[in-house]
Amino acid sequence: MNLFSEIRALVIAQIEAMVAEGALPSGLDLSNVAVEPPRDPAHGDMATNAAMVLAKPAGQQPRPLAEALAARLAADGRIAEAGVAGPGFLNLRLKPGVWQGLVGAVLAAGTDYGRSTLGAGKRVNVEFVSANPTGPMHVAHARGAVVGDALAALLAFAGWDVTREYYINDGGAQVDVLARSAYERYREAHGLEPEIREGLYPGDYLIPVGEALKAKYGPSLLDKGEEVWLAEVRDFATDLMMAVIREDLAALGVRMDVYSSEKALYGTGKIEAAINALRDKGLIYEGVLEPPKGKTPDDWEPREQTLFRSTAFGDDVDRPVKKSDGSWTYFAPDIAYHYDKVTRGFDELINIFGADHSGYVKRLKAVVSALSENRVTLDIKLIQLVKLLKGGEIVKMSKRAGTFVTLRDLIDEVGADVVRFVMLTRKNDMALDFDFDKVLEQSKDNPVFYVQYANARINSVLRKAREAGIAMDDATLAAADMGLLSHPAEIAMIQKIAEWPRLVEIAAKGNEAHRVAFYLYELASELHGLWNRGNDEPSLRFIQDEKATTQAKIALARAVGVVIASGLAILGVTPVEEMR
RNA sequence: GGCCCCGUAGCUCAGGGGAUAGAGCGACCGCCUCCUAAGCGGUAGGUCACAGGUUCGAAUCCUGUCGGGGCCGCCA
């Protein structure tokens with residue numbers, strides 16, 4: 001049902017036939033042969049670069065080659081016209097029936113239309129959010145959460161076997177800070193004055209944690225040294241924080257398949273096993289690193305550490321896995337965690353990180369390459385920061401001052417659907433302005449509204465037709481006489497629908513969910529355009545006097561609605577039936 | 001100093017080997033007795049930061065330069 005891949009298959013088949021006949025040499029690489037929508041519709045419905053790509057390896061001129069291929073393609077029942085243009089482009093025009101036939105096929109497939117087998121069932125792990133369990137999620141996490149969740153949905157739609165995973169950083173010093181902060185709130189719960197010292201987490205969200213500690217332990221931890229309570233309070237507090245984070249994720253419509261714990265890696269030999277796996281490959285050694293060039297820390301002194309030879313896999317310097325005192329660095333459990341992912345049998349790993357982690361990309365890729373012997377790929381998507389705007393002013397946020405805007409605040413103010421869509425209106429590596437005023441605006445300037453409005457219009461016209469007593473179920477619509485959709489504007493609408501499976505594959509190949517959002521905007525734009533042409537040309541209105549014509553036209557509208565629903569499902573956004 | 005990301009219309013951004021580079025906003029001109037005008041059509045606006053290179057073909061790939069941001073020993 002992907003018309004572009006169907007026509008590409010036709011082109012490939014004809015090339016192979018030419019090879020069989022000796023018109024082309026054998027052994028040609030056909031992977032670069034593409035069938036695409038042309039930039040200018042005047043060039044036709046589809047264009048292929050086949051002749052230009054093959055001319056040189058075949059030792060032929062592109063234009064004659066294109067002519068020969070065109071003659072063969074023109075014989076196919078789906079092709080109305082095949083012409084050669086420019087340096088050797090092969091422009092194809094499809095018979096209207098091919099386009100018209102798509103409408104019924106979309107309605108028959110429903111939201112499975114566009115589903116792809118591109119992923120071929122390969123197992124992919126998408127690790128995202130992975131916020132420290134030290135507090136509720138805030139806006140910076142929200143973008144990563146949405147991007148990861150939408151990407152996971154996209155890959156599943158495109159044929160991958162997807163696991164969504166959250167890595168809980170519960171093993172480092174920051175959870176000790178959490179414990180100390182919570183302990184002060186515990187003292188506060190007992191009527192004592194909390195001492196929120198510099199470096200502790202000042203947020204109010206720890207007050208209930210203090211109350212809960214009091215409820216569990218009573219006064220038994222008061223006036224005791226840290227060695228008595230730290231471990232217990234830490235576990236207690238991180239569990240509560242993870243519960244908060246899970247609720248935040250649920251409110252955003254994000255579900256995880258697996259929560260992995262950093263702490264669980266310690267004391268189980270998993271870190272040692274991962275390091276040993278590297279050691280067996282000769283990639284671990286004792287050595288001294290050069291100071292970083294141009295910026296030598298004041299207290300820098302050369303010390304011998306246990307190092308991972310990540311430079312063998314494209315990193316800039318080798319990375320310490322053990323500190324000079326013999327304890328693990330933060331990197332060590334990361335190695336173990338990625339070793340774990342590799343041994344769990346994933347074919348591909350994707351990590352969604354904040355852009356401030358860009359320095360870790362190379363070393364993690366090195367780890368995965370080394371531990372999987374290049375079997376497993378790791379793609380790391382860096383999420384640029386989100387700037388919040390309100391009334392034209394930048395909302396200042398400071399973690400230290402406890403003035404950050406939480407994800408919950410965002411959702412309460414604009415709703416999860418808006419948060420999700422807006423977070424996908426930029427490429428992941430571009431900074432994003434989240435303008436509170438704009439995202440709620442009901443205008444075409446607001447893509448969320450614009451797409452939802454298109455869907456509402458489609459539903460409106462369905463409702464109207466139904467009220468007029470015309471059968472509007474998908475099965476009836478799918479059987480409508482699509483030959484009645486002959487106007488160029490209608491064909492153009494169908495052609496936009498035809499791009500959906502192709503868009504899914506392009507987006508999945510690049511791990512770029514934002515493309516879905518942009519596509520939906522274009523699709524909505526096409527629909528609004530068609531709708532308004534009904535003002536000047538009544539024959540283009542969806543509801544006509546004649547029942548068969550009405551059913552065909554509404555079948556087209558409904559097909560657009562199906563694709564909108566499908567795309568919004570990937571983004572995790574609920575389609576609205578009616579604007580209010 | 002090194003590494004990563006970014007530089008495309010006045011503004012915000014898509015496009016990331018293919019033909020005459022797109023969209024929204026802003027500006028200007030039009031379109032509601034008719035399914036939601038919360039919308040649509042049109043006009044104006046570009047040395048795709050710059051310079052080399054690869055290629056039949058470069059905004060796209062490579063190298064370098066300039067500008068903006070981020071990261072940079074044992075912290076997480």
Side-chain angles (χ1 to χ4, degrees), chain A residues 32 34 36 38-40 42-43 47 49 52-53 55-56 61-62 85-89 91 132 134 169 171-175 177 262 288-297 299-303 305-306 315-317 319-331 354-362 380 382 384-385 425-433 435 438 441-447 449-450 452-454 456-458 460-465 468 510 514-515 517-518 521-522 525 527-536 538 541-544 550 553-554 557 578-579:
Chain A
N32 286 329
E36 303 169 321
R39 197 181 297 247
D40 185 346
H43 292 135
N49 59 357
M52 289 182 293
V53 172
K56 195 166 187 183
Q61 293 296 315
F89 280 101
N91 292 327
N132 289 339
T134 55
N169 286 115
Q174 78 282 2
V175 283
V177 174
E262 177 191 355
V288 177
L289 287 176
E290 296 286 310
K293 282 174 187 160
K295 187 208 151 210
T296 307
D299 58 348
W300 201 92
E301 43 187 286
R303 284 184 185 161
Q305 312 164 66
T306 305
D315 200 359
D316 308 306
V317 289
R319 304 293 178 177
V321 299
K322 263 187 187 177
K323 306 177 197 174
S324 50
D325 68 3
S327 64
W328 298 118
T329 63
Y330 172 79
F331 186 38
D356 54 343
H357 285 63
S358 63
Y360 295 89
V361 171
K362 285 188 178 184
I380 298 181
L382 296 175
Q384 270 296 348
L385 76 190
T425 54
R426 280 293 106 94
K427 252 189 322 198
N428 59 284
D429 49 17
M430 295 285 280
L432 170 79
D433 289 349
D435 188 327
K438 199 144 263 180
E441 198 173 287
Q442 304 207 327
S443 77
K444 68 187 299 192
D445 192 22
N446 175 7
F449 166 78
Y450 190 72
Q452 294 282 28
Y453 183 38
R457 277 183 149 174
I458 292 164
S460 160
V461 82
L462 269 161
R463 246 186 342 262
K464 279 270 180 350
H514 73 276
R515 286 178 186 265
F518 281 95
Y521 187 89
E522 290 168 17
S525 177
L527 189 275
H528 289 307
L530 180 60
W531 181 285
N532 267 75
R533 287 190 68 160
N535 288 335
D536 300 328
R541 293 178 198 166
F542 291 96
I543 296 174
Q544 299 287 323
T550 303
K553 288 178 186 299
I554 294 190
E578 207 173 345
M579 306 307 300

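Numbers restart at 1 for each chain; the letters A, B, ... are given by sequence-line order, proteins then strands.
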In whole angstrom, give me the gap between the [atom1] atoms of [N] and [M].
{"N": "B/G17", "M": "B/U60", "atom1": "C1'", "answer": "6 Å"}
{"N": "B/A21", "M": "B/G10", "atom1": "P", "answer": "16 Å"}
{"N": "B/C6", "M": "B/G15", "atom1": "C1'", "answer": "16 Å"}
{"N": "B/G7", "M": "B/A44", "atom1": "P", "answer": "27 Å"}
{"N": "B/G46", "M": "B/C3", "atom1": "C1'", "answer": "32 Å"}
{"N": "B/G67", "M": "B/C28", "atom1": "P", "answer": "38 Å"}
{"N": "B/G45", "M": "B/U8", "atom1": "C1'", "answer": "14 Å"}
{"N": "B/A58", "M": "B/G52", "atom1": "C1'", "answer": "13 Å"}

Identify, with sequence neighbours excluded, every residue that meets side-chain hydrogen bond (donor to acceptor under 3.5 Å, both in side chains) alongside [X].
{"X": "A/Lys438", "answer": "A/Asp445"}
{"X": "A/Glu522", "answer": "A/Lys496"}
{"X": "A/Asp315", "answer": "A/Ser310, A/Arg319"}
{"X": "A/Lys362", "answer": "A/Asp316"}

What integer distance in Å separates A/Asp316:CG from B/G2:C1'?
-> 7 Å
Classify the side chain of A/Ser358 and the base of B/C5 as holding, or not holding, a donor-acceptor pair under 3.5 Å.
-> no
With a 3.5 Å cut-off and just heavy-atom distances, do the side chain of A/Asn91 and the base of B/A19 make a donor-acceptor pair?
-> yes
Whether [X] side chain and [Y] backbone form a donor-acceptor pair below 3.5 Å:
{"X": "A/Ser324", "Y": "A/Gln305", "value": "no"}
{"X": "A/Asp325", "Y": "A/Ser327", "value": "yes"}
{"X": "A/Asp429", "Y": "A/Leu382", "value": "no"}

For A/Asp315, report the nucleic acid contact type (base, sugar-phosphate, nothing); a contact means any heavy atom under 4.0 Å.
-> nothing
Which part of the nucleic acid, if any, lies within contact of A/Val361, taking any heavy atom under 4.0 Å across all strands shown: a base, the sugar-phosphate backbone alone, or nothing?
-> nothing
[X]: salt bridge (Lys or Arg N to Asp or Glu O under 4.0 Å) partners, not counting sequence neighbours:
{"X": "A/Arg457", "result": "none"}
{"X": "A/Arg463", "result": "none"}
{"X": "A/Arg533", "result": "A/Glu537"}
{"X": "A/Glu441", "result": "none"}

Give every pair of a protein N or O atom and an N or O atom of nucleotides 39-45 of chain B that lie under 3.5 Å apart, one pair per line with the distance.
residue, atom, partner, partner atom, Å
B/G39, OP1, A/Lys444, N, 2.3
B/G39, O2', A/Arg457, NH1, 3.0
B/G39, O2', A/Asn532, OD1, 2.8
B/G39, N2, A/Asn532, ND2, 2.8
B/G39, N3, A/Asn532, ND2, 3.1
B/C40, OP1, A/Tyr450, OH, 2.3
B/C40, OP2, A/Lys444, NZ, 2.9
B/C40, O4', A/Asn532, OD1, 3.4
B/C40, O4', A/Asn532, ND2, 3.4

Using Watson-Crick and G-U wobble pairs with both distances under 3.5 Å, what is the 5'-to-3' dot-bracket string of RNA chain B, with [ ] for crossing pairs and | for pairs outside the strand?
-> (((((((..((((....[...)))).(((((.......))))).....(((((..]....))))))))))))....
Distances under 3.5 Å only, N/O to N/O: pair up the protein atoms with those of nucleotides 12-15 of chain B.
residue, atom, partner, partner atom, Å
B/U12, O2', A/Arg426, NH1, 3.3
B/C13, O5', A/Arg426, NH1, 3.2
B/C13, O3', A/Arg426, NE, 3.3
B/A14, OP1, A/Lys427, N, 3.0
B/G15, OP1, A/His514, NE2, 3.0
B/G15, OP2, A/Lys427, NZ, 3.4

For the side chain of A/Asp536, counting heavy atoms from C-beta on, which of B/C31, B/G18, B/C75 is nearest?
-> B/C31
For the side chain of A/Ser324, starting at C-beta, report the closest nucleotide among B/C3, B/C74, B/U36.
-> B/C74
Taking the six-membered ring of A/Trp328 as reference, does the NZ or CZ atom of A/Lys322 fall below 6.0 Å from its centre and within a 45° cone about the axis?
-> yes
Given RNA chain B, 5'-ward residue of the pair A/Leu289 and A/Met579, judged by closest heavy atom | A/Met579
Let me know, please, whether A/Asn169 or A/Arg319 comes out on the 5' side of the other along RNA chain B by nearest nucleotide.
-> A/Arg319
With syn defined as a glycosidic angle within 90° of 0 and anti as everything else, classify B/C32.
-> syn
Ring pair (Phe, Tyr, Trp, His ring centres under 6.0 Å) partners of A/Tyr521, counting only residues at least two apart = A/Tyr450
